[in-house]
Amino acid sequence: MADITYNSMNLLYRFEPESPSDLCRFLAGKLRKRRLERGLSREALCMMSGVAVSTIAKFETKYVISLISFVAICQSLGYTEELKSILATPKYKTMEELEIINKNKNRKKGRNEFT
């Protein structure tokens, strides 16, 4: 019985980082879901967003799209504020990282340093 619980726990929790492809697949699935919830065909979304039907189809099936097309689709579905909130606040794990972020807030150029 303990082995079954342990194996079930493995299925519930994912500890490996998601790849960019995984995230694109996730976003494509959410976009398709939002489109279908509104009862929109790809053609209707094309007319609303100005993004070609083939581009919408390619994103929904192969998870590939340009950023400008993705933004246009999101805007046409009413997700402008959600897009604006991406990267709106700095992320940090330690107080040292927060100090570096605060020190570099007004920088105009980066440096070739890895931390």
Side-chain angles (χ1 to χ4, degrees):
M1 188 83 162
D3 289 334
I4 295 170
T5 304
Y6 179 75
N7 289 335
S8 296
M9 293 298 288
N10 284 342
L11 297 175
L12 293 175
Y13 299 103
R14 252 181 95 175
F15 295 106
E16 70 273 0
E18 293 177 298
S19 70
S21 295
D22 291 338
L23 291 173
C24 288
R25 182 180 301 112
F26 174 81
L27 290 171
K30 292 295 183 182
L31 182 128
R32 183 173 188 272
K33 184 175 183 173
R34 300 290 90 86
R35 175 178 67 78
L36 294 174
E37 285 171 348
R38 292 178 182 221
L40 297 171
S41 65
R42 289 177 179 159
E43 292 79 12
L45 186 56
C46 166
M47 294 185 73
M48 291 170 61
S49 66
V51 175
V53 173
S54 59
T55 300
I56 296 168
K58 186 175 181 182
F59 183 52
E60 289 184 358
T61 58
K62 297 186 180 186
Y63 325 118
V64 176
I65 196 168
S66 71
L67 181 58
I68 194 88
S69 294
F70 182 74
V71 169
I73 291 169
C74 289
Q75 284 182 311
S76 69
L77 293 173
Y79 289 94
T80 302
E81 291 305 314
E82 289 79 0
L83 286 174
K84 287 180 179 180
S85 71
I86 297 172
L87 302 174
T89 58
K91 297 270 185 183
Y92 58 91
K93 295 177 187 159
T94 66
M95 290 307 292
E96 287 174 344
E97 286 180 358
L98 179 59
E99 288 172 9
I100 291 168
I101 288 167
N102 286 330
K103 182 179 127 191
N104 292 327
K105 273 191 175 177
N106 296 316
R107 286 189 63 85
K108 303 288 185 229
K109 290 178 133 183
R111 288 178 257 163
N112 290 331
E113 295 177 9
F114 294 97
T115 56

> Checking one residue: L23. Which other hydrophobic residues are in its cluster under the side-chain 4.5 Å linking rule?
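Result for L23 is none, singleton.
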> Could you list all the ring pair (Phe, Tyr, Trp, His ring centres under 6.0 Å) pairs where at least one residue sits in residues 30-52, not counting sequence neighbours?
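Counting only pairs at least two positions apart or across chains, no ring pair (Phe, Tyr, Trp, His ring centres under 6.0 Å) contact touches residues 30-52.
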> Taking side chain to side chain contact (heavy atoms under 4.5 Å, CB included) as the test, write out the residues that go with K91, two or more places apart.
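With sequence neighbours excluded, K91 shows a side chain to side chain contact (heavy atoms under 4.5 Å, CB included) to no residue whatsoever.
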> Could you see if L87 belongs to whatever hydrophobic cluster contains L98? Use Ile, Leu, Val, Met, Phe, Trp, Tyr and a side-chain cutoff under 4.5 Å.
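No, separate clusters.
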> List for me each residue that meets side chain to side chain donor-acceptor pair (under 3.5 Å) alongside E99, sequence neighbours excluded, and say none if there are none.
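In terms of side chain to side chain donor-acceptor pair (under 3.5 Å), with neighbours along the sequence ignored, E99 is linked to no residue.
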> Under the side chain to side chain contact (heavy atoms under 4.5 Å, CB included) rule, collect the residues that match up with M47, sequence neighbours excluded.
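For M47 there are no side chain to side chain contact (heavy atoms under 4.5 Å, CB included) partners, ignoring immediate neighbours.
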> Applying side chain to side chain donor-acceptor pair (under 3.5 Å), can you list everything that pairs with E96, at least two apart in sequence or on another chain?
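So E96 forms no side chain to side chain donor-acceptor pair (under 3.5 Å) with any residue.
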> If I take atom NZ from residue K103 and atom CD1 from residue I101, how far apart are they, to the nearest 0.5 angstrom?
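CD1 of I101 is found 12.0 Å from NZ of K103.
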> Applying side chain to side chain contact (heavy atoms under 4.5 Å, CB included) between L36 and each of R38, K33, R32, R34, report the one that passes.
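Exactly one option meets the side chain to side chain contact (heavy atoms under 4.5 Å, CB included) with L36, and it is R32.
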> In chain order, what residues pass the salt bridge (Lys or Arg N to Asp or Glu O under 4.0 Å) check against E82, with sequence neighbours excluded?
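With neighbours one apart ignored, the set is empty.
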> Hydrophobic clusters here meaning ILVMFWY residues chained together by side-chain heavy-atom distances under 4.5 Å, can you tell me if V64 and L67 are in one?
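No: no chain of side-chain contacts under 4.5 Å links V64 to L67.
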> For R42 and I56, which heavy atoms make the closest approach, and how far apart are they?
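Taking R42 first and I56 second, the nearest heavy atoms are O-CD1, 3.7 Å.
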> Establish whether I100 and M95 are linked, either directly or via other cluster members, by ILVMFWY side-chain heavy-atom contacts under 4.5 Å.
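Different hydrophobic clusters.
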> Applying side-chain hydrogen bond (donor to acceptor under 3.5 Å, both in side chains) as the test, list every pair that has at least one member in residues 44-55; sequence neighbours left out.
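Applying side-chain hydrogen bond (donor to acceptor under 3.5 Å, both in side chains) to every pair that reaches into residues 44-55, excluding sequence neighbours, yields nothing.
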> So, using side chain to side chain donor-acceptor pair (under 3.5 Å) as the criterion, who are the partners of R25 when residues are at least two apart?
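So R25 forms a side chain to side chain donor-acceptor pair (under 3.5 Å) with D22.
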> Please report the C-alpha distance between I65 and L31 in whole Å, then the side-chain angles of each, then the deciding distance to 0.1 Å, and finally whether the side-chain contact (heavy atoms from CB on, under 4.5 Å) criterion is met.
CA-CA 12 Å; I65 196 168; L31 182 128; over 6 Å; no
> Following the transitive rule for hydrophobic clusters with a side-chain heavy-atom cut-off under 4.5 Å over Ile, Leu, Val, Met, Phe, Trp and Tyr, establish whether L77 and I86 coincide in one cluster.
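As far as the 4.5 Å side-chain criterion goes, I86 and L77 are connected within one cluster.
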> Excluding sequence neighbours, so at least two apart, what forms salt bridge (Lys or Arg N to Asp or Glu O under 4.0 Å) with K105?
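If we apply the salt bridge (Lys or Arg N to Asp or Glu O under 4.0 Å) test to K105, skipping adjacent residues, there are no hits.
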> Any pair with a residue in residues 54-89 that passes ring pair (Phe, Tyr, Trp, His ring centres under 6.0 Å), sequence neighbours left out, goes on the list, sorted by first then second residue, please.
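Every ring pair (Phe, Tyr, Trp, His ring centres under 6.0 Å) pair that includes a residue of residues 54-89, provided the two are not neighbours, is F59-F70.
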> Nearest 0.5 Å, what's the CD-CD distance between Q75 and E81?
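Q75 atom CD to E81 atom CD measures 10.0 Å (nearest 0.5 Å).
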> Side-chain contact, heavy-atom cut-off 4.5 Å: I68 with V71?
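No, every pair of side-chain atoms sits at 4.5 Å or beyond.
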> Residues two or more places apart in sequence or in another chain: which of them pass side chain to side chain donor-acceptor pair (under 3.5 Å) with S69?
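If we apply the side chain to side chain donor-acceptor pair (under 3.5 Å) test to S69, skipping adjacent residues, the hits are S66.
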